[in-house]
Number of protein chains: 2
Amino acid sequence: MNKKTEDILELIKSGEHIFLPNVSVDSVIFGYDNQELQVLLLEASNGNWMLPGGYVRKEEDLDAAALRNVVERIGVKDIFLKQFHTFGQRKRSFHKEIEQLFEDLGASIAQDLWIQKRFISVAYYTLVNKTITQPNPNFFAKSCRWHNARQLPKLLLDHENIVTTALDSFRADLASYPLAYHLLPQKFTMPELHAVFQSIYQKRLDRSRFQKKMFEYDVFERLESRVGVAHRRPYLYRHKQTI
Amino acid sequence: MNKKTEDILELIKSGEHIFLPNVSVDSVIFGYDNQELQVLLLEASNGNWMLPGGYVRKEEDLDAAALRNVVERIGVKDIFLKQFHTFGQRKRSFHKEIEQLFEDLGASIAQDLWIQKRFISVAYYTLVNKTITQPNPNFFAKSCRWHNARQLPKLLLDHENIVTTALDSFRADLASYPLAYHLLPQKFTMPELHAVFQSIYQKRLDRSRFQKKMFEYDVFERLESRVGVAHRRPYLYRHKQTI
DNA sequence: TTTACTTTGTGTCAAATTGTCACAATGATA
DNA sequence: TATCATTGTGACAATTTGACACAAAGTAAA
């Protein structure tokens, strides 16, 4: 039995005393790259994909648990995080998957592990600047990768539905505040933000009107122009700090 | 020890095996009466008020649990129900309140009852036609009453925050669909719906524009005029059935 | 049976917002 | 120096929203 296997078994064993039972948090981590909106997914040992998630410590705020799990997954603390829905179908569990995992590890399974029970999952979506993330898989995953948010692989449980719902919530929230800037580096140009919006809404937006609308929010401050680029130099902007 | 006390103790004792631990559902039940938006509240034995709520059976969908609890409280099944947020602060429990309850009942308390633990509460708001409801208090409440949604009494825990958040969500949802008709009888007039909207938004809305907007949704069908009223007779409407 | 008054339904026009397009400024490249 | 793609922004049309007006329909009082 190797180190990783021992760690997994230890977590499963001690988890019962550390975490709240029957409650989990799942996160839809949105990133932007290559002109497309992406989602970070983990690959389970059986080849299926799933959302990053985790459990809530008994003495930990729900929001803190969600944040901790995302930070563990991408190594970045400066992220936008928002709860959007809680999923609680009655048969929502990883019963079979855990059973399979134990079989693969060559370990015998005690009956009805806490981790095999039904889980009510509170779902969050987060917006991160993908360029500074360092994704790494968790205990149960063998790899992790960014996927086009509209071309998802086969996902476990109701995770595809969670992604779809997250995207709907994100788009709705975007109508009242230009949150999408969180997907870009701290300094960005309007054409860049424009491209992000277009890939989120999946449709062409007029440049002129787009900039006017962004300025109306009065939350971005104009900095110097970007240097070293072809053609007319675009202004850089950053989100105003709420001091 | 009287019947009610026995029932309470029985529920608390058996609850551990029936319900999921650490998870509850709370409902903000909106009604409309006397030109104002109202919320149904329960009065705890200590005189404080709280939201109707309950627990989730181990084999029950989360949404079903919320619906069941609302039905139990108002005796009406035909209601609009929508999940809007999950509250999970780490110290969120009725520890003291249950302790007090036991003291009042003259019963000794076993240490750390499941019901005294921290609860993560999934909150729903519902819209009901108040005229056909028959509110009745639950085990832990001595009475229940409708309150003006903007003049709430002292509420337990974070329940005031839950009501405020519910109202914000309701108003946001109302921008994309005229849900408010659920607060009225099946047949209603445009002036009535107009008054409901005004009390939700707390501001004057132009009658002419309001009606045009409602018609644009194309979800209400015009019926006969209302008879037996003074002045010009308004048309009755009802929401189209989705067959 | 008029006349006055309230309520309802809807039309008209102005104001504000949004959509489309145009064009000049800017800087690399031929 | 000319050409070309990109960026910033102005002008005007189209659409949506707000404000107001007025007639229709009915009760109640003179």
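A, B, ... follow the sequence lines: proteins, then strands. Residue 1 opens every chain.
- For A:A230, counting side-chain heavy atoms from C-beta on, the closest listed nucleotide (C:dT8, D:dT9, C:dA28) is C:dA28.
- Here the P atom of nucleotide D:dT7 and the CG atom of A:L193 are 13 Å apart, to the nearest Å.
- In this structure, A:M190 atom CE and D:dG8 atom C1' are separated by 12 Å, rounded to whole Å.
- Closest to the side chain of A:S208, from the set D:dG10, D:dG8, C:dA28, is D:dG10.
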Exercise. Take A:R233 and A:E224 through the test salt bridge (charged side-chain N to carboxylate O under 4.0 Å, His left out) and record every step on the way to the result.
Key: CA-CA 10 Å; A:R233 293 173 171 169; A:E224 71 283 1; over 6 Å; no
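- For B:K212 against C:dT12, a side-chain-to-base donor-acceptor contact under 3.5 Å is present.
- Between B:Y177 and B:H239, the two ring planes are perpendicular [angle over 60°; tilted spans 30° to 60°].
- Between A:R233 and the phosphate of C:dA28, there is a side-chain N or O to OP1/OP2 separation shorter than 4.0 Å.
- Minimum atom distance to the side chain of A:H231 is reached by D:dT6, of the listed D:dT6, C:dT7, D:dA21.
- The aromatic rings of B:F94 and B:H159 sit perpendicular to each other, their planes meeting at more than 60°, with 30° as the lower class boundary.
- Nucleic acid contact class of A:R222 (heavy atoms, under 4.0 Å, all strands): sugar-phosphate only.
- Side-chain to base pairing of A:R232 with D:dG8: no donor and acceptor N or O lie closer than 3.5 Å to each other.
- Each of A:P234 and B:K213 lies near DNA chain D, and the nucleotide nearest A:P234 is the one positioned closer to the 5' end.
- One interatomic measurement links the two molecules: CZ of A:F210 to C1' of C:dT17, which rounds to 17 Å at whole-angstrom precision.
- Remark: P of D:dG8 and CZ of A:R226 are 11 Å apart, rounded to the nearest angstrom.
- Here D:dG18 presents its P atom at 9 Å from CG of B:L205, a figure rounded to the nearest Å.
- Of the N and O atoms on the side chains of B:Q38 and B:K130, at least one donor lies less than 3.5 Å from an acceptor on the other residue.
- The distance from atom CG of B:D206 to atom P of D:dT17 is 13 Å, rounded to the nearest whole Å.
- Note on A:E43 versus A:R145: no salt bridge recorded, every NZ/NE/NH1/NH2 to OD/OE distance being 4.0 Å or above.
- Taking every side-chain heavy atom of A:R209 into account, C:dT20 is the closest of D:dC20, C:dT20, D:dT9.
- Atom P of nucleotide C:dG19 and atom CD of A:E216 are separated by 12 Å, given to the nearest angstrom.
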